[in-house]
Amino acid sequence: MVGREYMTRALRRVEANQGAPGVDGMTVEELLPYLRKRWAQIKGELLEGTYRPAPVRTVEIPKPGGKGTRMLGIPTVLDRLIQQALQQVLSPIFEPDFSQSSYGFRPGRSADAFCRYADDCNVYVRSQRAGERVMASLTRFLEGKLKLRVNREKSAVDRPWRRKFLGYSMTWHKTPRLRVAAASMTRLKAKLREVFRSGRGPSLRHTIHTLTPILRGWSNYFQLAEVKGTFEELDGWIRRKLRCLLWRQWKRSRTRARNLMQRGLAEERARRSANNGRGPWWNAGASHMSDAFGKACFDERGLVSLLDQQRRFQRAS
């Protein structure tokens, strides 16, 4: 475990995972310089069995949907390094004995792989429907023969489209399709609102640069979703948020009218729109902003043109 190959591989994994410091405050970036000075001592303690992990730093993180918090333990980066090295040794020993339907924290397995498994398992959905039929039969027997009252609220078999797993849910159709769970969309929008809120001061380029990795990671994770309406709705919401950001940044009516004219609006319409007295969110969804900044503005090529135009405007101002 303490061989150079194991430790080098473990160090790369810890550096790639990043993460917050533990109780000692050491960051991932500080780990390698620390090892160069202290590795001989640490290696000796590991081989002698005298090494003792540091206490775990605990933090509270909010549960999805605002239902309280849960405790999260953060080991020190040094302990994470040693855990990674141990995992490399122990995983090949125990991996063959794990269930084939287990996907959590397994090498070569991921949330995507589980979702493919669940998608193939319309077995799960069929079992839910079978459960509903059994429940209906029991209810008829209990209420009809034994004259007992069944509490359907507590006894009902939960339907698949009311449940979520790994951020996905299912449609209610006879042949169900994977879709993004409503709670996943709510969490994403909450995260994006923070970016847009902080983007009122910085340039549009900075905001887009911050949004890009978040959206790319989210869309890659949910690439198995078969219901595309969620993505279309999100796309429209983000475009409106960006238009709203532009409207706020322009501030003065004269500036707004000038920029609308630069985007092709007639002078009279641009001036009337700039002085309509409505708020930024309303204007972001109004026809004058949609015409000036249509869908093509927010594809890759259009964004480059838009950002260049904004940079020229800021220099002129």
Side-chain angles (χ1 to χ4, degrees), residues 61-70 99-106 108-136 152-197 208 210-244 281 284-285 290 294-296 298-300 303:
I61 60 174
K63 291 182 178 179
K67 299 177 181 178
T69 60
R70 66 181 179 89
S99 168
Q100 290 305 306
S101 60
S102 171
Y103 282 78
F105 304 99
R106 302 270 306 275
R109 293 171 178 244
S110 64
D112 284 352
F114 172 74
C115 288
R116 291 189 189 96
Y117 168 77
D119 190 35
D120 292 337
C121 272
N122 274 322
V123 176
Y124 164 75
V125 179
R126 289 195 296 271
S127 68
Q128 290 289 317
R129 289 183 175 141
E132 290 174 7
R133 289 194 296 271
V134 171
M135 192 65 217
R152 287 177 170 80
E153 185 70 25
K154 290 185 177 180
S155 305
V157 177
D158 204 5
R159 292 167 175 81
W161 51 89
R162 292 181 181 174
R163 303 185 66 177
K164 63 181 186 294
F165 50 95
L166 297 176
Y168 284 90
S169 185
M170 290 183 177
T171 64
W172 53 268
H173 300 92
K174 184 175 182 180
T175 302
R177 294 182 295 165
L178 280 177
R179 63 181 177 88
V180 179
S184 300
M185 178 66 80
T186 301
R187 286 197 298 272
L188 175 67
K189 283 189 172 182
K191 188 172 185 177
L192 296 182
R193 283 191 183 96
E194 294 178 7
V195 177
F196 285 118
R197 200 173 294 121
I208 292 171
T210 306
L211 287 172
T212 300
I214 298 173
L215 294 173
R216 182 179 292 128
W218 192 87
S219 60
N220 285 341
Y221 181 83
F222 287 107
Q223 63 182 308
L224 296 175
E226 299 168 285
V227 179
K228 303 305 179 186
T230 301
F231 298 93
E232 293 170 357
E233 186 270 331
L234 178 63
D235 191 41
W237 183 81
I238 291 171
R239 285 199 304 271
R240 186 170 180 178
K241 279 288 189 180
L242 289 171
R243 294 185 190 115
C244 183
W281 183 247
S290 297
K295 286 185 179 181
F298 299 103
D299 61 21
E300 188 172 354
L303 279 173

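Since we're looking at a predicted model, the values are computed, not measured.
Rounded to the nearest 0.5 Å, atoms CG (L242) and CZ (R240) are 12.5 Å apart. Interatomic distance, CZ of R193 versus CH2 of W237, reported as 5.0 Å (0.5 Å rounding).
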Steps toward side chain to side chain contact (heavy atoms under 4.5 Å, CB included) verdict (M185, T230): CA-CA 8 Å; M185 178 66 80; T230 301; 2.7 Å; yes
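Between F222 and Y168, the shortest heavy-atom contact is CA-OH, 3.1 Å. In plain terms, the two heavy atoms of C244 and A284 that are nearest each other are N-CB, 3.4 Å.
At least one side-chain heavy atom of K191 sits less than 4.5 Å from a side-chain heavy atom of I214. Between F196 and K189 there is no side-chain heavy-atom pair separated by less than 4.5 Å. Contact check for V180 versus V227: no side-chain heavy atoms found under the 4.5 Å cut-off. Side-chain contact between I238 and L215 is present, with heavy atoms from C-beta onward closer than 4.5 Å.
When atom types are taken as modelled, the side chain of D235 and the backbone of F231 share no donor-acceptor pair closer than 3.5 angstrom. Using modelled atom types, no side-chain atom of E232 and backbone atom of G229 make a donor-acceptor pair closer than 3.5 Å. Formation of a donor-acceptor pair under 3.5 Å by the R179 side chain with backbone atoms of M170 is found in this model.
Among residues two or more places apart in sequence or in another chain, the side-chain contact (heavy atoms from CB on, under 4.5 Å) test is passed with S290 by R243.
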